[in-house]
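Written out below as C-alpha cells is the structure these notes cover.
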Protein chains: 2
Amino acid sequence: MNGKNPKIQDVAAVAGVSTATVSRALSNPDMVSQKTRDLVLDAVQKTGYRVNRAAKSLRKRQSDAILALLPDLGNPFFSQILSGIESVFTTSDLSLLVSDTKGIRQDSILDYFMDMRADGMIILDGAVPRALLSQLQDSPFGQRIVFACEWKPEFKFPSVRSDNFGGAIQAVEHLYALGHRKIGHISGPRNNVLTKERLRGVEAAMTNLNLLFNRDFFIDGGAFSLDAGAQAARSFMEMDDRPTAITCGSDLIAMGFISEITRRGLKVPEDISVVGFDDIEIAGSFIPSLTTIRQNRTQLGVLAASYLLDQIAGRVHPPAKQVQEIDVKLIPRQSTAQLAHA
Amino acid sequence: MNGKNPKIQDVAAVAGVSTATVSRALSNPDMVSQKTRDLVLDAVQKTGYRVNRAAKSLRKRQSDAILALLPDLGNPFFSQILSGIESVFTTSDLSLLVSDTKGIRQDSILDYFMDMRADGMIILDGAVPRALLSQLQDSPFGQRIVFACEWKPEFKFPSVRSDNFGGAIQAVEHLYALGHRKIGHISGPRNNVLTKERLRGVEAAMTNLNLLFNRDFFIDGGAFSLDAGAQAARSFMEMDDRPTAITCGSDLIAMGFISEITRRGLKVPEDISVVGFDDIEIAGSFIPSLTTIRQNRTQLGVLAASYLLDQIAGRVHPPAKQVQEIDVKLIPRQSTAQLAHA
DNA sequence: TTGTAAGCGTTATCAG
DNA sequence: CTGATAACGCTTACAA
C-alpha cells in the first residue's frame with residue numbers, strides 16, 4: 001500500500017517462498033502443499049496483491065478478454081444478449097470488450113486478435129464483409145469466433161440463433177387458428193438472414209395451410225425499425241385489397257405499423273391483427289399489447305459465450321452442434337383477435 | 001505470415017533499423033527522420049506487424065482500456081450512452097470494457113485498476129457502495145473516474161448528467177400551461193439521485209406556480225420500470241380524488257401506467273395527461289404518443305468519455321466544470337392535452 | 001513439492 | 001537521429 005501496486009515478488013518475500021511458488025499457488029493450487037498455499041494466500045491478503053494482467057497476458061500469450069461485436073451499440077435490442085454474455089464471462093474471470101461495426105474500420109477487427117487484445121469474438125452482426133471473414137476463417141483465429149443472433153450461411157463459423165423459421169410459422173398458424181386467411185408480412189432489412197428465415201417461415205406455413213399467396217401482401221420494410229413499420233403502414237393504407245392480419249419481422253416494425261395505422265383511423269385488432277417478433281420489453285405494455293414471438297435473448301448470449309469458451313479451451317463440439325437453434329414461442333396478446341365475420 | 005505474429009524484431013530486420021527505432025517511428029513519428037519513418041512504415045506493411053498490446057501495457061503501465069460500469073447491462077436505457085462512449089474511445093484507440101454491478105463482486109471493481117485491466121472508469125450506477133468509492137477516491141486511481149447519468153452527491157468525482165431538476169420543471173410547467181392544477185408524480189427507485197432530483201423539480205415548479213400540494217398525488221413507484229408504472233396505476237385507480245395530470249420518473253413508468261389505466265377503462269389524455277422522462281425510442285410511437293423530457297443519451301456518453309480522457313491525460317478541468325449538466329427538452333405529444341373544463 | 005532462471009514483446013534510458 | 005540494453009511482472013521448463 002505504499003503507492004505502488006504490490007507485485008509477485010512482494011508476496012513471495014512476505015510468504016517466504018519463491019515467486020514461482022506464489023504463481024503456482026494462485027493458478028494451480030494443487031501443485032503446492034497445503035501449508036505453502038495457506039502461506040501464500042495469507043501473504044496475498046496482507047499485501048493486497050493482484051496479478052498484473054498485462055504481464056500475465058504477455059507471458060501466457062492470451063488476453064483473457066473476449067470481444068462482442070455488434071452492428072450498433074446504440075440498438076437496445078442487444079442489451080439483453082450482452083447481459084447473457086457477460087454473466088458467463090464474469091464467472092470465468094474474462095473481460096468483455098464491446099465494439100460496433102459502425103465507426104470501426106472493418107479490417108481493424110482482425111487487429112483484436114493480432115495485437116492480443118482478445119482471445120475470441122462473438123459476432124452479432126451478419127453484415128461483416130465476406131473478405132474479412134475469409135481472412136479470419138483461414139487464420140489461426142478461425143476457431144475463436146462464434147456468431148450469435150445473426151450468422152453467415154456461406155461460412156462455417158458456429159452460431160447460436162433463435163428458431164426464426166419456426167417462429168414465423170407459429171405466427172402464421174396462430175393467425176390461421178383465429179380464422180385469418182388473408183395474411184401479409186412486413187419484412188426487415190434486405191439481405192439479412194433473419195429477414196430471410198422469417199419470410200421463409202411465413203411462406204412455408206402459408207403453403208402448408210393452403211393459403212393463397214398474394215404478393216402484394218408482402219411489404220418490404222427494409223429495416224427492423226419503428227420507421228420501417230410506419231412506412232409500411234402507409235403502403236398498407238393504399239392497398240385496395242388488404243390482408244386481415246399481418247406478421248412483422250420485428251416488434252419495432254409491428255409497433256411502428258400499429259402506431260401509424262391507428263393514427264390513420266384503423267383499429268388493432270378489430271380491423272387487422274398484428275404479430276411481432278422478438279418480444280421486447282415494451283411489447284406487453286403496448287396498446288394494444290403485442291402478440292409476438294418471444295426469443296430468449298439472455299439465453300442466446302449465455303449459449304454463445306459458453307460455446308466460445310468451449311472452442312477456445314479446445315473442447316470441440318460435434319459438427320451437428322455447430323448450429324444451435326433456440327426455441328421461440330408465441331405469446332398471445334391483444335393485437336391479434338378472431339377474424340370478425342364480415 | 002508464417003503462423004506466428006510478427007514482432008517488432010521482424011520489422012526492425014526488414015527495415016534494417018533497431019527495434020528502438022521501429023518503436024519510435026510508430027509512437028513518436030517526429031523523433032525519427034522522414035527516411036527512416038518511411039522505411040519502417042513500409043516494413044510494417046510488409047510484415048503485417050501489430051503492436052502487441054500486452055507487452056506495450058506491461059512496459060508503459062497502462063492498459064489503453066476503459067471500463068464502463070452499468071447497473072444492469074440488460075437495461076436498454078444504457079445502450080445509447082454506451083454508443084456515445086464507444087464513439088469517443090474508438091477514435092482514441094482505446095478499448096471499451098463493460099461490466100455491470102449485478103453479478104460482479106463489488107470489491108472486484110477496484111481490481112480493474114489494481115491488475116491494470118483499465119486506465120479509467122465511467123460509472124453509470126449511482127448505487128455503488130460508499131465504502132468502495134471512498135477506497136477509490138483515496139487511491140491513486142481517484143482521478144480516473146467519471147460518473148455519468150447518475151452520481152454520488154457525497155463524493156467529489158466529476159460527473160456528466162442531464163438537467164433532471166430542470167426537466168421536471170418543464171414537465172410541470174407544460175401541464176400548467178395546459179390548464180392542469182392538480183398534478184401528481186410517480187417517482188422512481190427510492191434513494192436514487194435521479195428520482196430525488198426529478199421529484200425536487202416537480203415540487204419546486206409546483207411551489208413556484210402556487211399549486212396546492214396534495215401528498216396523495218405523489219406515488220412512490222420504487223423503480224423506473226413498466227411494472228412500477230402499472231403498480232402505481234393500481235394505487236391511482238383507488239384514489240377518491242385524482243390528479244388531472246401526472247409526471248413520471250421515466251418513460252417506462254409512464255407507459256406502464258398508461259397501459260394499466262387504459263386497461264381499466266380510463267383514457268389518456270382525455271381523463272388524465274401523462275408526461276414521461278427520457279424520450280426512449282418507442283415514446284413517439286406509443287399510443288398515445290408520449291409527451292416526455294428528452295435527454296440526449298449519446299451526448300451524455302460522449303461528454304463523459306471525453307472528460308475521462310482529459311482527466312487521464314492530466315488535462316484538469318476547473319472545479320466549476322466538475323459537474324456537467326446537459327440540457328433537456330420537453331417533447332410535446334399526444335399523452336398530454338388541455339384540461340377539459342368540467 | 002519447491003527454487004532458479006529464461007523469456008514473453010515492448011518502451012525508455014543512456015550513449016553515441 | 002539512432003542503437004544497445006535494461007526493465008516491465010509474470011509463467012514455466014528444468015533442476016533439485
Side-chain angles (χ1 to χ4, degrees), chain A residues 2-41 43-44 47-65 93 111-117 119 140, chain B residues 2-41 43-44 47-65 93 111 113-117 119:
Chain A
N2 51 27
K4 296 206 61 59
N5 286 10
K7 48 168 106 174
I8 202 168
Q9 305 265 11
D10 304 329
V11 179
V14 171
V17 298
S18 73
T19 60
T21 299
V22 174
S23 176
R24 283 188 284 248
L26 294 173
S27 324
N28 298 77
D30 23 60
M31 280 183 72
V32 304
S33 73
Q34 173 70 48
K35 199 178 124 213
T36 318
R37 204 182 312 151
D38 293 344
L39 229 48
V40 171
L41 260 35
V44 166
T47 54
Y49 170 74
R50 302 282 113 166
V51 174
N52 180 314
R53 299 292 186 122
K56 179 177 186 172
S57 289
L58 176 58
R59 179 63 230 239
K60 298 195 74 173
R61 296 146 158 288
Q62 68 179 38
S63 64
D64 292 330
D93 196 37
D111 284 356
Y112 275 88
F113 285 125
M114 293 292 290
D115 64 16
M116 300 248 25
R117 251 178 308 174
D119 295 338
Chain B
N2 51 27
K4 298 207 63 57
N5 288 10
K7 49 168 107 172
I8 204 170
Q9 304 264 12
D10 304 329
V11 181
V14 171
V17 299
S18 72
T19 59
T21 299
V22 174
S23 177
R24 284 189 283 251
L26 293 173
S27 323
N28 299 76
D30 24 59
M31 280 184 70
V32 304
S33 73
Q34 173 72 48
K35 201 175 125 216
T36 318
R37 203 181 313 150
D38 293 345
L39 228 48
V40 170
L41 260 36
V44 167
T47 54
Y49 170 75
R50 302 282 114 167
V51 173
N52 180 314
R53 298 293 185 122
K56 179 177 185 172
S57 290
L58 176 58
R59 182 61 234 236
K60 300 195 73 174
R61 294 144 160 288
Q62 68 179 38
S63 65
D64 291 330
D93 196 37
D111 284 356
F113 285 126
M114 293 290 292
D115 64 16
M116 299 249 25
R117 252 179 307 176
D119 294 338

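Only heavy atoms go into these numbers, but all of them, side chains included; no hydrogens, no water, no symmetry mates. Computed from a predicted model, the values in this text were never measured in an experiment.
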Atom-to-atom span, CD of B/Q34 to P of D/dT2 - whole angstrom: 11 Å
Whole angstrom value for the distance that separates C1' of D/dT12 from CG of A/L26: 15 Å
Proximity to the side chain of B/I8 - top-ranked nucleotide from D/dG9, D/dT2, C/dT11: C/dT11
Whole-Å gap separating C1' (D/dC8) and NZ (A/K7): 7 Å
Distance, rounded to the nearest Å, where A/R37 contributes CZ and C/dT2 contributes C1': 14 Å
Protein-nucleotide distance (A/K60, atom NZ; C/dG9, atom P), rounded to Å: 16 Å
Under-4.0 Å side-chain N/O to phosphate OP1/OP2 contact, B/T19 with C/dT10: no
Nucleotide of D/dT11, C/dT4, D/dG3 approaching A/S23 most closely (side-chain heavy atoms): D/dT11
Sugar-phosphate, base or nothing in reach of A/R24, heavy atoms under 4.0 Å: base
Closest non-hydrogen atom pair, A/R37 against A/P29: NE-O, 3.2 Å
Pair B/D30 + B/R24, salt bridge at N-O below 4.0 Å: no
From D/dA4, D/dG9, C/dT2, nucleotide with atom closest to B/L58 side chain: D/dG9
Under 3.5 Å donor-acceptor pair, B/R59 side-chain atoms to C/dT11 base atoms: yes
Flag, side chain of A/N28 to backbone of A/M31, donor-acceptor distance under 3.5 Å: no
Sugar-phosphate only, base, or nothing, as touched by B/R50 at under 4.0 Å among non-hydrogen atoms: sugar-phosphate
Side-chain N,O (A/R61) to OP1/OP2 (C/dG9) below 4.0 Å: yes
Rounded distance in Å - CD (A/Q9) to C1' (D/dC10): 10 Å
Phosphate OP1/OP2 of D/dG3 contacted by B/T21 side-chain N/O (<4.0 Å): yes
N or O in side chain of B/K56 less than 4.0 angstrom from C/dT10 OP1/OP2: no
Nearest-nucleotide 5' precedence on DNA chain D, B/D30 against B/A20: B/D30
Spacing of A/N52 atom CG relative to D/dA7 atom P, expressed in whole Å: 17 Å
Side chain B/T21, main chain B/V17, donor-acceptor under 3.5 Å: no
Length of the CZ-C1' vector between B/R53 and C/dG9, whole Å: 14 Å
